[in-house]
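Reading through the structure tokens given below for one structure.
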Amino acid sequence: MSMHFFNSLTRQREPFVPLEGRRVRMYACGPTVYNFAHIGNFRTFVFVDILRRHLKWRGYELLHVMNLTDVDDKIIRDARAAGLPLREFTERYVTHFWEDADALDIERPEVTPRATDHIPEMVALIGRLIHCGCAYHSDGSTYFRIASFPRYGVLSGNKLAGNIAGGSARVEADEYEKDDVRDFVLWKRTQPDEPTWDSPLGPGRPGWHIECSAMAMKYLGESFDIHCGGVDLIFPHHENEIAQSEAATGKPFARYWLHAEHLLVDGRKMSKREGNYYTLRDLLDRGYRARAVRYVLAAVPYRKPLNFTLEGVEAAERRLKRLNETVRRLREAVPTTTNQVDETAKVVADIRQSFGAAMDDDLNTAEALAAVAQLETTVNIALSRGELTEAAKAAALAGFEDVQAVLGILDPAQPELLPADIEALIAERLAARRAKNFARADEIRAQLAAQGIILEDGKDGTRWRRA
RNA sequence: GGUGGCGUAGCCAAGUGGUAAGGCACGGGUCUGCAAAACCCUUAUUCGUCGGUUCGAUUCCGACCGCCACCUCCA
């Protein structure tokens with residue numbers, strides 16, 4: 001069964017076929033580093049991470065580039081407000097971004113280039129555009145001439161910018177130096193108090209869109225397989241990337257465009273003013289675990305809006321606790337040696353198949369998680385009946401390894417030894433239970449519960465777990 | 001004004017022209033000395049409303065209602 005993705009470019013679900021055999025080249029628009037990333041940002045980054053993990057899991061060799069936008073209007077504004085040089089200002093948010101990404105188990109892409117380290121590449125690309133008549137200088141800045149690119153609008157369907165009723169007047173007033181209001185800036189003339197780079201285009205700084213074209217081409221070539229990001233980037237950012245890239249090279253830029261829908265918080269667009277704005281740190285400070293946040297972000301397929309609520313994170317915490325306990329019991333299980341017909345191993349194999357098929361189908365994480373739930377139940381039944389064979393155990397563990405490789409939602413195995421005094425109490429309780437001294441046994445259980453250690457009696461003895 | 005999307009049980013949510021996955025919560029049960037955990041059962045005759053096409057629609061078409069997004073910085 002092959003992989004399929006919904007391609008924003010064609011608005012259709014298409015079989016995924018890389019340009020070069022088993023090698024996949026992919027570009028993802030990364031963060032603009034002027035503040036802590038919020039969970040909406042991370043919805044997209046978790047989606048990209050799952051895409052990345054799934055491609056690798058299916059055996060593709062991956063070259064994944066994610067840029068860091070470290071120069072733009074907001075960054076300049078906030079760096080100035082903070083009284084810091086641009087690089088020093090962005091450096092700290094780059095660091096915070098990776099801290100958050102690590103907490104969410106987001107894998108590091110192979111290449112994570114920063115815009116300001118690629119000014120020469122951008123200038124060179126703009127030079128090509130001028131050379132082919134697709135760009136022009138005006139008043140110290142350089143603009144892309146949209147009229148030179150007939151395919152403009154293929155991705156977004158927007159043929160014209162400034163078509164908002166009542167909005168076009170403002171656009172025109174600001175942009176009188178352009179030949180056409182739709183044209184966008186490639187290189188901005190230097191401004192007082194702004195970071196400036198010298199270049200053959202004159203002193204100035206890059207416009208927003210050119211960085212992604214320049215860096216994608218540098219690391220991935222002029223044509224590559226996948227370009228992804230949030231839906232809001234479709235227009236103008238990705239539309240402009242296509243225009244400037246394809247105008248310069250005459251070749252198709254990215255073949256598959258994948259866009260993650262936004263998330264809402266409590267059913268509304270997240271905004272600081274509304275008070276429904278969360279960074280990852282906000283959630284960690286409230287005591288939620290990053291993996292639960294990841295689960296929430298991963299559980300809704302990426303093309304659907306996701307309604308984020310704290311209740312949802314709490315439900316995810318409960319869900320993951322059960323799942324992790326099942327995996328732990330499975331790891332510790334001693335398989336039965338009694339020979340018998342092993343139905344479980346076959347059922348598990350089918351479930352693993354379903355999991356992969358769901359993910360192959362445009363990353364249908366909701367359906368994949370249904371398979372995970374089946375796997376969990378199957379394991380628990382076999383375990384409680386004492387019917388888990390070596391083969392079934394191995395298959396089930398492999399199944400959870402699949403889940404972990406692709407979704408990254410499980411806790412790592414971490415065998416933990418209890419302090420000797422607690423072990424002694426557990427032993428004492430066992431003896432008390434054997435002697436039917438239940439009062440003492442319950443007393444010990446309550447005492448340990450107060451310390452966050454839950455005891456569970458089963459037919460193979462007593463297990464403990466953290467509350 | 002233009003464009004796109006969504007509306008499925010208390011909540012999150014999958015899905016399909018053929019009779020509604022899964023999770024969380026709730027209730028009942030099995031197991032247990034009692035618990036816990038696990039498991040089982042129950043929970044939408046119904047998929048925003050009204051029409052149409054069809055042997056049959058939640059799934060296709062139309063209208064309407066409600067919500068969201070993009071068209072401007074935004075993941």
Any A:R319 side-chain N or O less than 4.0 Å from OP1/OP2 of B:C24: yes
Is it the case that A:R43 places NZ or CZ above or below the six-membered ring of A:F308, under 6.0 angstrom from the centre and within 45 degrees of the axis? no
Tell me whether the OP1 or OP2 atom of B:A35 has a side-chain N or O from A:R445 closer than 4.0 Å. no
Look at all strands and tell whether A:R466 reaches a base, only sugar-phosphate, or nothing, counting heavy atoms closer than 4.0 Å. nothing
Gap in Å between the two P atoms, one belonging to B:G62 and one to B:A38, rounded: 48 Å
Pick the P atom in B:C55 and in B:A44, then give their distance to the nearest Å. 31 Å
Could you check how far CG of A:N380 sits from P of B:A37, rounded to whole Å? 12 Å
Pick base, sugar-phosphate or nothing for A:E456, based on heavy-atom distances below 4.0 Å to the nucleic acid. base
Please give the distance between the C1' atoms of B:G15 and B:U8 as a whole number of Å. 10 Å
Atom CZ of A:F235 and atom P of B:A75: how far apart are they, to the nearest Å? 17 Å
Would you indicate what A:G40 reaches in the nucleic acid, counting non-hydrogen atoms under 4.0 angstrom: base, sugar-phosphate, or nothing? base
I'd like the C1' distance from B:U72 over to B:G2, given in whole Å. 15 Å
A:Y34, OH: over 12 other non-hydrogen atoms inside 6.0 angstrom: no
Can you check the distance between B:G52 and B:U58, where both ends of the measurement are the P atom (answer in whole Å)? 14 Å
Looking at B:C73, B:A38, B:G23, which one has an atom nearest to any side-chain atom of A:W208? B:C73
I'd like the C1' distance from B:G23 over to B:U43, given in whole Å. 15 Å
Taking OP1 and OP2 of B:C70, is either one under 4.0 Å from a side-chain nitrogen or oxygen of A:K269? yes
Do NZ/NE/NH1/NH2 and the carboxylate oxygens of A:E107 and A:R52 come within less than 4.0 Å? yes
Both A:R433 and A:T309 contact RNA chain B. Which one's nearest nucleotide lies toward the 5' end? A:T309
Which residue lies toward the 5' end of RNA chain B, A:R322 or A:P31, if each is placed at its nearest nucleotide? A:R322
What is the distance, rounded to the nearest whole Å, between atom NZ of A:K304 and atom P of B:C68? 18 Å
Nearest-angstrom distance, P atom, B:A14 to B:G51: 28 Å
